[in-house]
Amino acid sequence: MLMRLFGNSDYDRSLRRRRWLAFGLLLVGITGLVCYILLVHDSEHIPEFARGFYLGGASGISLGAVFFLVRIQYLLTHPNARKKARIQEQDERERTIVNRSFQFAGMFTFFAAAAALFVLVAVNMAAAQAVLGVLTVFAVAWLLANAYLSKVL
């Protein structure tokens with residue numbers, strides 16, 4: 001699905017779609033900042049670490065979205081840079097590196113979270129349930145992706 005959305009058939013169209021997704025991501029970050037300013041900043045009921053999470057998460061998402069917007073806009077306005085980026089994205093070696101990196105990161109994250117469950121069950125059951133929920137979502141997403149890709153490819 002993502003390959004169809006960001007496919008190589010029309011790279012300019014793909015960049016324009018990515019720009020819209022970056023705007024959406026920026027909107028998420030701005031929403032987080034507005035929530036922090038209006039709801040969280042002066043709240044006495046929310047712990048300090050949660051306030052820091054709101055501010056840091058919303059700021060990071062916003063800055064990342066701005067970075068992507070600037071890069072995409074640069075590629076849309078500079079044909080030579082766009083051509084170089086397109087060639088790099090279509091390079092088989094580059095794709096293999098990215099795919100294997102994602103595979104390793106996913107595998108490492110899954111097993112690290114599973115190992116963390118042994119510690120968390122003894123320390124904090126709510127945290128253990130949260131990690132177990134993340135592992136469940138990961139496993140279900142993998143199963144669905146595997147089923148979809150086995151039919152499509």
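All of these numbers come straight from a predicted model, not from anything done at the bench. We number each residue from 1, following the sequence as shown.
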Output for pair (L76 CG, R18 CZ), nearest 0.5 Å, gives 10.0 Å
Is a side-chain donor or acceptor of T77 paired with a backbone partner of Y74 at a separation under 3.5 angstrom?
yes
Can you give me the closest heavy-atom contact between A58 and G32, atom names plus distance?
CB-C, 3.5 Å
Looking only at non-hydrogen atoms, find the nearest pair between L33 and S59 and report the distance.
CD2-OG, 3.7 Å
Interatomic distance, E92 atom CD to I97 atom CD1 [nearest 0.5 angstrom]
11.5 Å
So if you build clusters from Ile, Leu, Val, Met, Phe, Trp, Tyr with side-chain heavy-atom gaps below 4.5 Å, do L55 and V66 land together?
yes
Check this for me, if you would: do R86 and E89 make a salt bridge, where the nitrogen-to-carboxylate-oxygen distance has to be below 4.0 angstrom?
no
Could you see if V40 belongs to whatever hydrophobic cluster contains L38? Use Ile, Leu, Val, Met, Phe, Trp, Tyr and a side-chain cutoff under 4.5 Å.
yes
Rounding to 0.5 Å, atoms CD1 (I87) and CD (E94) come to a distance of 12.5 Å
Shortest non-hydrogen separation from A22 to A65 and the atoms involved
O-CB, 3.6 Å
Minimum side-chain heavy-atom gap Q103-M107 below 4.5 Å
no
Same hydrophobic cluster for L120 and L132, using side-chain heavy-atom links shorter than 4.5 Å among ILVMFWY?
yes
Are I37 and V34 joined in one hydrophobic group, where the rule is that I, L, V, M, F, W and Y side chains link up if heavy atoms are under 4.5 Å apart?
yes
Nearest non-hydrogen partners of L15 and I72, listed with the distance
O-CG2, 3.4 Å
Side chains of Q90 and Y11: any donor to acceptor distance under 3.5 Å?
no
With side chain to side chain contact (heavy atoms under 4.5 Å, CB included) as the test, would you mind laying out the steps for L39 and I46 before giving the verdict?
CA-CA 10 Å; L39 304 173; I46 297 177; over 6 Å; no
Contact summary for T109 and A105, nearest pair of heavy atoms
OG1-O, 2.7 Å
Tell me whether R71 at atom CZ has more than 12 heavy atoms from other residues, nucleotides or ligands lying less than 6.0 Å away.
no
With a 4.5 Å limit on heavy-atom distance, are the side chains of L63 and F67 in contact?
no
d(F110 CZ, L135 CG) to nearest 0.5 Å is 5.0 Å
If you measure from CG on N80 to CG on L75, what distance do you get to the nearest 0.5 Å?
11.5 Å
Rounded to the nearest 0.5 angstrom, the CZ-CG distance for F68 and L21 is 11.0 Å
Path from V28 to Y36 over hydrophobic side-chain contacts below 4.5 Å:
no
Atom CZ of residue position F138 - does it have more than 12 heavy atoms of other residues, nucleotides or ligands inside 6.0 Å?
yes
